[in-house]
Undergrad: 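Take this structure, written in structure tokens, and hold onto it; I'll ask about it next.
When a ligand or atom number is given, it counts from 1 through the structure's own listing order. No experiment lies behind these values; they were computed from the predicted model shown.
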Amino acid sequence: MADKPRLPPGQTLTAKFPILDLGIQPAITPKEYRLTTSGLIENPIDWGWDDFQAQPQINLTTDIHCVTTWSRYDNDWSGISAKHFLSIVQPKPAAKFMIFHSHDGYTTNVPLTAFDDEDVVLAHSWNGQPISREHGGPVRPIIPKLYLWKSAKWVKHITFLEDDVPGYWEVRGYHNNGDPWKEERFG
Ligand SMILES: Nc1nc2c(c(=O)[nH]1)N[C@H]1C(S)=C(S)[C@@H](COP(=O)(O)O)O[C@H]1N2
Ligand SMILES: [Mo]
């Protein structure tokens, strides 16, 4: 949409980076980090930290929008592009949804079409530093076009499904899709 404003409706700009989670902040060292995949893909991966780092790296600057009404502009992320990640795991034609599983038991569902975009990254760094434990390091996806609850912290496993399965907040009243410009906050 050409007339899409930078700040989505109902949001307030902040320079801070608030921390929101279920109250468990798993401490995963890069050395113990693994990322695995399952479901409707041709090439499941089981990556350690070195495998992750050996992938082509990108830098990307994005805005982030939290459903609790704060937005933060110009976050610099480094990591693997969603496009590259998908070129490795190769979703089958039937794959329509992704579920992100995290070390704290959190899950969230994202349409494959939302993840499969140039502005999406599996990030390990924020503003030039490794993503802190509080913000979901070693690795979290960043999907700027959806509210930040869709960007799972401490991600460990990604599965590809034909049918949608609502995640932690989606079954507790958050909107299934979460587009900030449509104010898709609650179900
Ligand atoms: N693993 C995990 N990821 C999560 C959450 C969580 O509780 N656990 N909370 C989500 C919510 S509701 C928000 S608003 C953002 C907050 O990210 P931040 O703490 O880096 O600001 O993380 C999202 N990702
Ligand atoms: Mo949130």
Side-chain angles (χ1 to χ4, degrees), residues 7-30 32-38 47 49 52 59-80 82 85 97-111 114-115 119-159 164-187:
L7 191 67
Q11 295 294 108
T12 304
L13 202 53
T14 180
K16 293 183 300 227
F17 192 175
I19 294 163
L20 291 119
D21 50 52
L22 307 176
I24 308 157
Q25 297 178 336
I28 315 294
T29 64
E32 42 188 32
Y33 186 72
R34 296 211 80 81
L35 180 63
T36 58
T37 55
S38 65
W47 282 349
W49 188 246
F52 191 93
N59 300 310
L60 197 67
T61 303
T62 80
D63 299 344
I64 52 181
H65 309 291
C66 179
V67 70
T68 60
T69 75
W70 59 268
S71 292
R72 192 179 190 287
Y73 286 167
D74 293 329
N75 301 273
D76 295 327
W77 306 101
S78 308
I80 304 173
F85 178 74
F97 295 94
M98 301 170 69
I99 316 284
F100 294 86
H101 295 262
S102 298
H103 277 282
D104 59 344
Y106 187 82
T107 59
T108 189
N109 55 320
V110 173
F115 181 82
D119 66 349
V120 178
V121 59
L122 288 171
H124 56 67
S125 293
W126 174 78
N127 289 4
Q129 299 293 329
I131 296 176
S132 67
R133 172 181 171 186
E134 294 75 18
H135 285 298
V139 174
R140 78 185 294 184
I142 293 296
I143 307 166
K145 70 168 78 59
L146 300 177
Y147 284 120
L148 195 60
W149 89 75
K150 294 288 190 181
S151 295
K153 309 204 281 192
W154 313 290
V155 72
K156 65 174 182 182
H157 184 77
I158 304 172
T159 191
D164 200 7
V165 180
Y168 183 89
W169 282 122
E170 291 83 5
V171 300
R172 288 167 176 79
Y174 281 26
H175 196 280
N176 194 54
N177 189 53
D179 181 335
W181 287 272
K182 296 179 183 163
E183 286 212 77
E184 293 175 339
R185 297 178 191 275
F186 304 106

Undergrad: Measuring from each atom of ligand 1, which residues have a heavy atom under 4.0 Å away?
TA: Phe17, Pro18, Ile19, Leu20, Asp21, Leu22, Cys66, Trp70, Ser102, Asp104, Tyr106, His135, Arg140, Leu148, Trp149, Ser151, Ala152, Lys153, Trp154, Trp169
Undergrad: Using a distance-only test with no angle check, is there a side-chain donor-acceptor pair under 3.5 angstrom linking His157 and Ser38?
TA: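 Judged by distance alone, the side chains do pair up.
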Undergrad: State which residues pass side chain to side chain donor-acceptor pair (under 3.5 Å) with His135; sequence neighbours excluded, sorted by chain then number.
TA: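 None.
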Undergrad: Quick one: OH on Tyr33 to NE2 on His103, what's the gap to the nearest 0.5 Å?
TA: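 With rounding to 0.5 Å, OH (Tyr33) is 6.5 Å from NE2 (His103).
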Undergrad: Suppose we screen for side chain to side chain donor-acceptor pair (under 3.5 Å). Which residues come up paired with Trp49, at least two apart in sequence or across chains?
TA: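 For Trp49 there are no side chain to side chain donor-acceptor pair (under 3.5 Å) partners, ignoring immediate neighbours.
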Undergrad: My understanding is that only residues two or more places apart in sequence, or in another chain, count here; which of them pass side chain to side chain contact (heavy atoms under 4.5 Å, CB included) with Lys150?
TA: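 Once residues adjacent in sequence are excluded, the partners of Lys150 under the side chain to side chain contact (heavy atoms under 4.5 Å, CB included) criterion are Thr108, Asn109, Val110, Leu146, Glu170.
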Undergrad: To check you understand the geometry: which heavy-atom pair defines the closest contact between Ala82 and Phe115, and what is its length?
TA: CB-O, 3.2 Å
